[in-house]
Asker: 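To start, I am sharing the structure in question, which I have written as structure tokens.
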Amino acid sequence: MAKYLLLKHYRGGPQPTAEGSIPMEQWAPEEIDAHIAFMDHVADTLRERGEFVDAQALSPEGTFVRYDGEGRPPLTDGPFAESKDLIAGWMMIDVDSTERAHEVAAFLSSAPGPGGRTIKEWIEVRPFLTEPPAIG
Amino acid sequence: MDDLLRTLGPRTLAVLVRRGAEFTAAEDAVQEALLEAARRWPEARPADPAAWLVRVAWRKFLDAVRADEARRRREVTVAVAPPPGATEEHDDTLLLLTRCCHPDLSPASAIALTLRAVGGLTTAQIARAYLVPEATMAQRISRAKRTLAGARFDRLGASATVLHVLYLVFNEGFTGKVDLAEEAIRLTRQLAAAESEPETHGLLALMLLHHARRAARFTGTGELVPLDEQDRSRWDTAMIAEGVEILQRALAQDRHGEYQVQAAIAALHDDAPRAEETDWPQILSWYDELMRLSGASPVVALNRAVAVGQTDGPLAGLRALQEVPDGVPRRDAVAAWLSERAGDTARAAELYVLAARAATSEPERRHLLKRAAHCARGGLPA
């Protein structure tokens, strides 16, 4: 078993499909409901299979922060609306293989969008680093 | 008390399963019996706790069967099966392991069910060990039980699947409060005590011979220490001696398998007082055997290239590496190491960077990055 992070982006990644490029605020309310319901359905299916670890949504607002020297307040910058890459949320899964992780990501990506058509959203799949096996 | 119940729980379950109880119902009955024991034993512990648990669990199982109208006709035949003879504890454990590692189960489900039903761990403990929510682990276990519900699998004996599941548990190592490596050793010991299959003993030896080096595998800050740099005084010599003895008895049966051969290689490493005294020619000959047994597995071919490098020099190792297809995990790491040995530090630095990018574990990645940095500075002695 290995853990993977499935990242959903507000923006970034490969070219979105025509449906996928329509921002959510332009969808009909029931289309948003259907989309969210599908996401919940994916999570429930994964729970039922014993593959679900965690899922969280992230605000699009973010601030860059760094150390700015002894005794000085942290230096902040942003938010940057023009950022190329914006993570909208993640789902963490624990599955038997990379193939299965890709399958789950594709399932997540089949969520409905405007007009009930699937938006084929790109999902980024990132494996977690682990401890090395005791027998190499 | 908890320890006692943890040992007796799986044993009781094994007895019920051997008597023909359906797995899920048997597990429920044992859980209920354990609860009752936890309630009643602090005041009055029975003279023979094991027999008490079997009696109570069997009664609960029968009650459940009788109560369940839908199952009644099917289960009655089971319930009236001939009464058990003397408890054959080892065979029971074996039967239970065989069930929990049924080939229809995914490895993850088989592992979870084995740890719960045979290891006697709680769902919460297993969940913590695998860093997943308890609900997730509970689902894995109940799915596994549902899969097994209709399966008939009564053959006794250590199938390759059982050994593989134990091997996987061992490799999860130490992840918190529950030490899975020690749990795997404990279960493999039980299995080895029950039967003389040389591969079972080979696996036990393999685990012991690797586990003996555990204290020396990481620095205090969690960095991976390669075998040739480990402080050998920190190896557990008693465990090594035990592993070697088990291995020798297994090899004497002259039915070699992959676990025995891997254990033989581990034993040769453990046997060297200093890294430079490692008997590489003999290790190489075991790798040749392992190649034969594994059907020339690319992973084995990769490790063999390391042995060739140590025996016949790094250039011979690099030639051996040409037989290993690209994309085999850790191929770049081995190529980097051989290049470094061959004095091509520039190439080694590049390869170490590639290997670090593909590393699947944090300690391995850190180690490879440090090697890359070292080689990029000309590879002079650290």
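Just so you know, these numbers use all the heavy atoms, side chains as well, and skip hydrogens, waters and symmetry mates. Predicted model, so just to flag it, every value in this text is computed and none were measured. By convention in this document, chain letters (A, B, ...) are assigned in the order of the sequence lines, proteins followed by strands, and residues within each chain are numbered from 1.
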Asker: Going through the distances and angles, do A/E48 and B/R146 end up as a salt bridge (charged side-chain N to carboxylate O under 4.0 Å, His left out)?
Answerer: CA-CA 12 Å; A/E48 155 71 18; B/R146 280 203 299 280; 3.2 Å; yes
Asker: Using non-hydrogen atoms and a 4.5 Å limit, figure out which bit of B/L209 sits close to chain A: side chain, backbone, both or neither.
Answerer: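 Neither; nothing under 4.5 Å.
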Asker: Tell me if the CZ atom of B/R186 is crowded by more than 12 foreign heavy atoms within 6.0 Å.
Answerer: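 Atom CZ in B/R186 is crowded, with more than 12 foreign heavy atoms closer than 6.0 Å.
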Asker: Can you name the residues of residues 20-47 of chain A that have some heavy atom under 4.5 Å away from a heavy atom in chain B?
Answerer: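 Those residues of residues 20-47 of chain A which have a heavy atom under 4.5 Å from chain B are A/R47.
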Asker: Less than 4.5 Å apart, any side-chain heavy atom of A/L129 and any of B/S361?
Answerer: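 Not touching, per the 4.5 Å side-chain cut-off.
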Asker: Given heavy-atom pairs under 4.5 angstrom as the criterion, report whether the side chain, backbone, both or neither of A/P127 touches chain B.
Answerer: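 A/P127 has no heavy atom closer than 4.5 Å to chain B.
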Asker: Nearest 0.5 angstrom please: A/E131 CD to B/L224 CG, how far?
Answerer: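 So the gap between those two atoms works out to 9.0 Å.
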Asker: Taking side chain as everything from C-beta outward and backbone as N, CA, C, O, which of these in B/A359 sits under 4.5 Å from a heavy atom of chain A? Side chain, backbone, both or neither.
Answerer: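 For B/A359, backbone heavy atoms alone lie under 4.5 Å from chain A.
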Asker: I'd like to know which of A/V53, A/V95, A/D54 tops the heavy-atom pair count under 4.5 Å against chain B.
Answerer: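 Highest number of heavy-atom pairs under 4.5 Å: A/V53.
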Asker: Using side-chain heavy atoms (C-beta onward) and a distance below 4.5 Å, is A/D94 in contact with B/T136?
Answerer: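 No; the side chains remain at least 4.5 Å from each other.
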Asker: What I'd like to find out is whether the side chain of A/K3 reaches to under 4.5 Å of the side chain of B/L131, using heavy atoms alone.
Answerer: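 They are in side-chain contact.
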Asker: With only heavy atoms counted, which part of B/R217 is less than 4.5 Å from chain A, the side chain, the backbone, both or neither?
Answerer: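 It is the side chain, since no backbone atom gets that close.
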Asker: Does a side-chain heavy-atom distance below 4.5 Å link B/Y167 with A/P133?
Answerer: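 Sidechains of A/P133 and B/Y167: no contact.
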Asker: Taking all non-hydrogen atoms of both residues into account, name the closest pair between B/P133 and A/F52 and its distance.
Answerer: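 Minimum heavy-atom separation between B/P133 and A/F52: CD-O, 3.6 Å.
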Asker: Would you please go through residues 110-122 of chain A and name the residues with a non-hydrogen atom below 4.5 Å from one of chain B, in numerical order?
Answerer: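 Residues qualifying by a heavy atom under 4.5 Å from chain B are absent, so none.
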Asker: B/P107 versus A/D96: any side-chain heavy-atom pair under 4.5 Å?
Answerer: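 B/P107 reaches A/D96 side chain to side chain.
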